[in-house]
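What follows is one structure encoded as structure tokens, with my remarks underneath.
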Amino acid sequence: MKNKKITKIIIGSNNPGKIKEIRDLLPNNIKIYTPKQLNIPSPKEVGRTFRENSLLKAKFFSRKAGMICIADDSGLRIKMLGGSPGIYSARWGGKKNNFNLAIKKVYNKLNLVDLKWREKKVKAKFVCSLTIYWTNKKYITSVGTIEGQISKVKLGKYGFGYDPIFIPNKSKLTFGEMKPIKKYKIDHRAIAFKKIKKFF
Ligand code: IMP
């Protein structure tokens, strides 16, 4: 089954930003479904790592929908904050997944650690784990990371989540300032996707 090209898939996420990006990575000829279309709520993310959570979601949505699923678990790791928010990246936005709130929390925490953090390079990286889960219970997981730093101010209107405060290495722009077509080619999700592209 694993060596048969995938023609139909459910994107295991209820996050519109992620769905948009994964949809863009997948070839055009694939029939794509979302949990929302099939009325499937998200499972609790009880895993301890990005990998565990992406597998948990892929398995859950594949079983519920009865089709192959691709799911992502991702987040931002900030060195000065000991790797936080990490797997809690979405949860820092509260129940309503409010990204402004999450970004405020990042700035507040950085201030608590070092009031002069803006004078330094605050290293951070985005991590993405992607899992494809087949209906015969076989699965494959891959991880992609992109290194960068935290922007001193929030910049840009594109993307979602922490995009306005993340500047990838070798760039002057935050992900929020980059046109999606550019971000989608270089980010953690694209890097993770390259490793499992052959299944499509
Ligand atoms: P989860 O994988 O559903 O637990 O959520 C991942 C969270 O990490 C998102 O809600 C965002 O806050 C953040 N995140 C993951 N990938 C990106 C990205 O590409 N840009 C901005 N934020 C991201």
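The chain is numbered in sequence order, starting from 1.
For E45, the salt bridge (Lys or Arg N to Asp or Glu O under 4.0 Å) test picks out K57, with sequence neighbours left out. Scored by the side-chain hydrogen bond (donor to acceptor under 3.5 Å, both in side chains) test, K109 finds no partners at all (sequence neighbours excluded). Every residue meeting the ring-ring contact (aromatic ring centres under 6.0 Å, His included) condition with F166, not counting sequence neighbours, appears here in chain and number order: F126, F175. The ring-ring contact (aromatic ring centres under 6.0 Å, His included) test applied to Y88 returns no partner, not counting sequence neighbours.
The cationic group of R63 does not satisfy the cation-pi geometry with Y133, failing either the under 6.0 Å distance to the six-membered ring centre or the 45° limit from the ring axis.
Checking side-chain atoms of K64 against main-chain N and O of P35 turns up no donor-acceptor pair under 3.5 Å. Between the side chain of D163 and the backbone N or O of F160 there is at least one donor-acceptor pair closer than 3.5 Å. When atom types are taken as modelled, the side chain of N97 and the backbone of G93 share no donor-acceptor pair closer than 3.5 angstrom. Judged by distance alone, the side chain of R189 and the main-chain N or O of K185 form no donor-acceptor pair under 3.5 Å. No donor-acceptor pair closer than 3.5 Å links the side chain of S62 to the backbone N or O of K59. A donor-acceptor pair is defined here as one N or O able to donate and one able to accept, closer than 3.5 Å; no such pair exists between the side chain of E177 and the backbone of L173.
With rounding to the nearest 0.5 Å, the separation of CD1 in I167 from CD in Q149 is 5.0 Å. Residue C69 holds its SG atom at 9.5 Å from CD1 of I132, rounded to the nearest 0.5 Å.
Using modelled atom types and a 3.5 Å distance limit, the side chains of R77 and S84 yield no donor-acceptor pair. Side-chain atoms of T174 and S151 form no donor-acceptor pair, as typed in the model, at a separation below 3.5 Å.
When ring centroids are compared, W92 and Y162 stay outside the 6.0 Å threshold. For F200 and F193, the distance between ring centers is under 6.0 angstrom.
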Discussion item. Between S74 and D72, does the side chain to side chain donor-acceptor pair (under 3.5 Å) criterion hold? Intermediate values first, please.
Written reply: CA-CA 6 Å; S74 46; D72 139 315; 3.1 Å; yes
Discussion item. Between F99 and K104, is the side chain to side chain contact (heavy atoms under 4.5 Å, CB included) condition met? List the steps.
Written reply: CA-CA 9 Å; F99 298 133; K104 257 196 198 142; over 6 Å; no
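Of all heavy-atom pairs between I87 and G47, the closest is CD1-O, 3.6 Å.
Contact check for N100 versus K154: side-chain heavy atoms found under the 4.5 Å cut-off.
A side chain to side chain donor-acceptor pair (under 3.5 Å) check over residues 28-44, counting only residues at least two apart or in different chains, returns the pairs N14-S42.
With salt bridges taken as basic N to acidic carboxylate O contacts below 4.0 Å, none links D73 and R51.
Grouping Ile, Leu, Val, Met, Phe, Trp and Tyr by side-chain contacts under 4.5 Å, direct or through others, puts L56 with V46.
Heavy atoms of other residues, nucleotides or ligands lying less than 6.0 angstrom from NZ of K195 number more than 12. Heavy atoms from other residues, nucleotides or ligands lying under 6.0 Å from CG of L112 number more than 12.
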